[in-house]
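Notes follow the structure.
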Amino acid sequence: MGLRHERTQARNAWGASTAPVSPRRKQDSSPRLHMHVPQSPVGIPGARRDARVAALRRLSESTFTELRRGPSTSSTFVRRPGYYTTGLYGVRHFRSTCVSSR
């Protein structure tokens with residue numbers, strides 16, 4: 001039996017099983033781990049991070065409207081006591097990474 005055949009058998013057995021699927025364990029090797037945990041990356045003390053977060057306009061002011069203009073887009077940020085919303089207007093230039101088979 002080859003490796004491909006063993007994998008196919010394992011996948012078929014897993015697909016036919018009625019047992020609940022156990023969640024994967026959280027890994028600590030992700031370079032983006034700091035984005036998913038409350039602790040800041042090494043080098044930024046927690047108190048300094050908390051101060052910067054508290055100073056963010058969307059958290060420190062209960063009402064504001066801000067318009068930021070770029071070369072081809074405009075962004076609007078609106079904060080009211082009941083909500084916070086943003087809008088992006090204009091043309092976003094991008095390069096396609098799709099490869100045509102033609």
Side-chain angles (χ1 to χ4, degrees):
M1 249 193 300
L3 181 60
R4 178 176 271 173
H5 182 67
E6 290 175 13
R7 285 183 180 169
T8 301
Q9 281 186 327
R11 288 180 183 133
N12 290 340
W14 182 84
S17 174
T18 58
V21 176
S22 58
R24 294 180 65 188
R25 288 190 340 232
K26 186 171 181 171
Q27 300 174 349
D28 9 334
S29 60
S30 171
R32 297 186 187 101
L33 181 65
H34 69 274
M35 294 173 19
H36 306 290
V37 294
Q39 298 298 316
S40 60
V42 176
I44 301 174
R48 192 166 125 204
R49 177 186 176 275
D50 292 344
R52 284 187 175 186
V53 168
L56 290 173
R57 191 169 184 195
R58 65 184 175 86
L59 298 176
S60 63
E61 298 178 34
S62 63
T63 302
F64 73 86
T65 303
E66 182 177 335
L67 176 64
R68 294 184 188 171
R69 294 186 186 268
S72 61
T73 60
S74 296
S75 299
T76 304
F77 303 88
V78 179
R79 169 74 188 239
R80 297 294 181 264
Y83 65 91
Y84 176 75
T85 188
T86 65
L88 176 66
Y89 310 97
V91 178
R92 293 179 65 188
H93 301 284
F94 65 94
R95 280 188 349 190
S96 175
T97 57
C98 297
V99 178
S100 177
S101 60
R102 295 182 193 175

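- The closest donor-acceptor contact from the side chain of R80 to the backbone of F64 lies under 3.5 Å.
- Atom CZ of residue R11 and atom CZ of residue R7 lie 6.5 Å apart, to the nearest 0.5 angstrom.
- We find the CD-OG1 distance between E61 and T63 to be 8.5 Å, quoted to the nearest 0.5 Å.
- For the pair S60 and A54, the tightest heavy-atom approach, listed with the atom from each and the gap, is CB-O, 3.6 Å.
- Under the 3.5 Å distance criterion, with hydrogens and angles disregarded, no donor-acceptor pair is assigned to the side chains of R68 and T73.
- When every heavy atom of S74 is checked against every heavy atom of R69, the shortest pair comes out as OG-NH1, 3.6 Å.
- Closest of all the heavy-atom pairs between L59 and V53 is CD1-O, 3.2 Å.
- No cation-pi contact links R57 to F77, judged by a cut-off of 6.0 Å to the six-membered ring centre and 45° from its axis.
- With hydrogens and angles ignored, the 3.5 Å screen pairs a side-chain donor or acceptor of T8 with a backbone N or O of R4.
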